[in-house]
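Please read the structure below before turning to the comments.
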Number of protein chains: 4
Amino acid sequence: MEKNSKKERLIQAAIKLFAKQGYHNTTVAEIADEAGVAKGTVYWYFDSKEQLFWGIIVSGIELLNEKLLREAQISNKTAIEKLETIIRLHLDFFKESKNIVKMIQDSSVTPDKHFNKKIHKLRKESIDNLSKIIKEGQEGDEFVINIESEELANFILGSIGGSYNPSVYKLEDVEETTDLILKIMLSGIKA
Amino acid sequence: MEKNSKKERLIQAAIKLFAKQGYHNTTVAEIADEAGVAKGTVYWYFDSKEQLFWGIIVSGIELLNEKLLREAQISNKTAIEKLETIIRLHLDFFKESKNIVKMIQDSSVTPDKHFNKKIHKLRKESIDNLSKIIKEGQEGDEFVINIESEELANFILGSIGGSYNPSVYKLEDVEETTDLILKIMLSGIKA
Amino acid sequence: MEKNSKKERLIQAAIKLFAKQGYHNTTVAEIADEAGVAKGTVYWYFDSKEQLFWGIIVSGIELLNEKLLREAQISNKTAIEKLETIIRLHLDFFKESKNIVKMIQDSSVTPDKHFNKKIHKLRKESIDNLSKIIKEGQEGDEFVINIESEELANFILGSIGGSYNPSVYKLEDVEETTDLILKIMLSGIKA
Amino acid sequence: MEKNSKKERLIQAAIKLFAKQGYHNTTVAEIADEAGVAKGTVYWYFDSKEQLFWGIIVSGIELLNEKLLREAQISNKTAIEKLETIIRLHLDFFKESKNIVKMIQDSSVTPDKHFNKKIHKLRKESIDNLSKIIKEGQEGDEFVINIESEELANFILGSIGGSYNPSVYKLEDVEETTDLILKIMLSGIKA
DNA sequence: CATGAATGAGACTTCATTCAT
DNA sequence: CATGAATGAAGTCTCATTCAT
């Protein structure tokens, strides 16, 4: 697909507007306008407004997941190194795709049977992936063993996402923020 | 006001439906129906659908904040004990008011100038409160000192909220989950 | 009826608000509020909002018509004197009851079968009354005879009302304005 | 735009219904129905019900004013001839656009900040135009000089409009009615 | 007499989607 | 491929009126 194809322009317009205004406060007309095409054209490329919205989210998450999976499989890394990579990839994603991240945060509001399953599956994939790394780490004596790996994976992923607060982290320096989170994660805050 | 006043029934119906379906997928007619009153009655008690939605959210957060503040002021507690209380109060809130929590998660989608300011203020109150406790803890040699207290407060609050995932924690035993989070928070996950 | 009975207060409130805002932009709640009574009370004294509106108009016009009729019957007056009185009584009415006058101007917008008949009858009474005076004047050689009396009556009444434009006439001095209209009416504007 | 475009049909339907029933007693649904289009179509062509209503009124008055102005500028006419033309143009307008005239009479009921200014400006234009003609006439010794020209202009315009009463003038013969009004205006009704 | 909570019909308006061109 | 006029279902909100207290 060319960089400036109408389809691509529509996707970019949709990301921009959905992120700024939310799903329900963005009209198909606005998206078409922003992309510089007619309203009807949207329906040549996408089945519906919902499919356009969810399609963006799903491909965003898939992209992130692919990267996460790839890193996890590099076997000459320690579990801690892998965890560090996971944190960094998330922050990179937050930084590079902050509009899509905003859409994801909002997406729970527009329930859609078909896509909800997909999202759940992707979330589970993420957790499973991290869970496996943690288990490796526990077996390799890198991580504490008295916490169930899945519970821990959930906590970690939640911490990364939940603590992402654009008004606090500016995310100008991803490396630095990665280090901070990793340090807390590993050693805790007790003096 | 009696427990079963129409106003109270409307609020309960609104909480239930807003949580299940989100703001935009819930109609005023549905709320009235669920409460067993006429559509117009909603407007006798509330100025608008928005005000009904935000009113619930604001009073929910205010209730939590009040409890948090009260606990923070009990001076014969160590900072760690206070942190433990904060985690537990949040988990209690997640458990008891899970529908309101869902509404809060969704609330970024329905921007409203008036209420957004209020929400921001409440969030800041929360962070400030925890921030103060952390500073106490740092001064009293309970917490590490090489992390800025506000940054840490943001991370902790984000972790608590972000890790709340109904499909993982069942929150049947709040005490247990509180201990888990507190332990990770304090000592980290490194073996 | 006492000066401050609730009924009277309601009527005064209605006149004030209907004149300022028009029929459709005035709510029964506002009227009750302005009168300092409960909304339900309006319906004890009046059958409906419409009846309240039209009742005021009809009694306003009836009051004017009665005065007009009385003057017309004073037989030792010339037709010109009677015409002068009619003009003056109208201007007095415009001045004293300007809110009711405004309501009358608006009243064509709220058609009501029952009251429309009444209004038509009152308008006809007015025209007939003046028409008779003109005929007297024509017979007594006071007025030109080559114009049909009813046509003339219509023109005169229309002129008085139509030329009443609060932003032009201040109606501070009714006598003066009466003289002006009468002079034009009698002698025309030709040099 | 064709004569039978949906926009034109909507305007005609609106004029018919607004004139018959008034602004507040006419629904957008009725207008769409009368025009044979869907309800939503009204909003494709017009911003709101108000804008549709006022748009019709404003363009009606503008059309009349343009004609009036054009006539006033024909310089080889006497002031009396110009006055005669003004009366005739008004009666023509009353005859041809009687529905719009009815809308104008009703228009004070639907106050609208934006349009009220416009209407006031148009009314002032009308008065100023006639006022200038009268002044010419006074200077040229055609009209009496002891009445202020603007006061007179207001009276004349008011008389024309006020005396327009469909149940008296049938306006079948505009020329004849013009003559009648002009004669009264010029020479008065005194024998 | 008086109240005001409650009703529900109905108004205006929005907007995703379609389809003839 | 692309357009944009047209649709109509659905949503929020108003308000005259009623009635139990």
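Lettering of chains follows the sequences in order, A, B, ..., and the numbering in each one begins at 1.
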How many angstroms lie between CH2 in D:Trp54 and OG in D:Ser48, if you round to the nearest 0.5 Å? 12.0 Å
Nearest-Å distance, NZ (D:Lys49) to C1' (E:dG10)? 12 Å
Figure out the CD/C1' separation between B:Gln51 and F:dT12, and round it to whole Å. 14 Å
Short side-chain N/O contact from D:Tyr43 to OP1 or OP2 of E:dT14, under 4.0 Å: no
Heavy-atom closest pair (A:Tyr45 atom, A:Lys7 atom, distance to 0.1 Å) is CD2-CB, 3.7 Å
Within this structure, what is the NE2-to-C1' distance between B:His24 and E:dT14, rounded to whole angstrom? 13 Å
C:Val42 near the nucleic acid: base, sugar-phosphate alone, or nothing, with a heavy-atom cut-off under 4.0 Å? nothing
Using whole Å, what does the distance between atom P of nucleotide F:dA16 and atom CG of C:Leu10 come to? 14 Å
Exercise: identify the closest heavy-atom pair between D:Gly60 and D:Ile100: CA-CG2, 4.4 Å
Could you label the plane-to-plane angle of the A:Phe18 and A:Tyr23 rings as parallel, tilted or perpendicular, counting under 30° as parallel and over 60° as perpendicular? parallel
Answer yes or no: does a side-chain N or O of B:Trp44 lie under 4.0 Å from OP1 or OP2 of E:dA5? yes
Name the residue closer to the 5' end of DNA chain F, choosing between A:Ala38 and D:Val37 according to the nucleotide with the nearest heavy atom. A:Ala38
How close or far is atom C1' of F:dT18 from atom CG of C:Asp47, stated in whole angstroms? 14 Å
Just distance, no hydrogens or angles: give the donor-acceptor pairs under 3.5 Å from side chains in residues 32-41 of chain C, sequence neighbours left out.
unit_1	atom_1	unit_2	atom_2	d
C:Glu34	OE2	C:Lys16	NZ	2.9
C:Thr41	OG1	C:Ala38	O	3.4

Over all strands shown, is C:Tyr45 touching base, sugar-phosphate only, or nothing at heavy-atom distances under 4.0 angstrom? sugar-phosphate
Closest-nucleotide mapping onto DNA chain E: is B:Gly36 or A:Ala29 further toward the 5' terminus? I mean the 5' end. B:Gly36
Quickly work out the C:Arg9 CZ to E:dA2 P distance and round it to whole Å. 9 Å
Does NZ or CZ of B:Lys49 come closer than 6.0 Å to the centre of the six-membered ring of B:Tyr43, within 45° of the ring's axis? no
A:Lys7 has an atom NZ; how far is it from atom C1' of F:dA2, in whole Å? 16 Å
Atom CD of B:Gln21 and atom C1' of F:dG11: how far apart are they, to the nearest Å? 14 Å
Return whichever of D:Thr41 or D:Thr27 has its heavy-atom-nearest nucleotide of DNA chain E closer to the 5' end. D:Thr27
C1' spacing across the pair E:dC1 / F:dT21, given as an integer number of angstrom: 13 Å
Can D:Glu62 and D:Lys118 be counted as an ion pair, charged N to O under 4.0 angstrom? yes
Given that both pair distances must be under 3.5 Å and the pair must be Watson-Crick or G-U, what runs of three or more consecutive pairs involve DNA chain E? E:2-21 with F:2-21
So if I apply the side-chain contact (heavy atoms from CB on, under 4.5 Å) rule between D:Ile15 and each of D:Ile31, D:Leu10, D:Ile56, which one comes out positive? D:Ile56
Strictly below 4.0 Å: does B:Lys39 bring a side-chain N or O up to OP1 or OP2 of E:dG8? no
OP1 or OP2 of E:dT7 sitting under 4.0 Å from any side-chain N/O of B:Lys6? yes
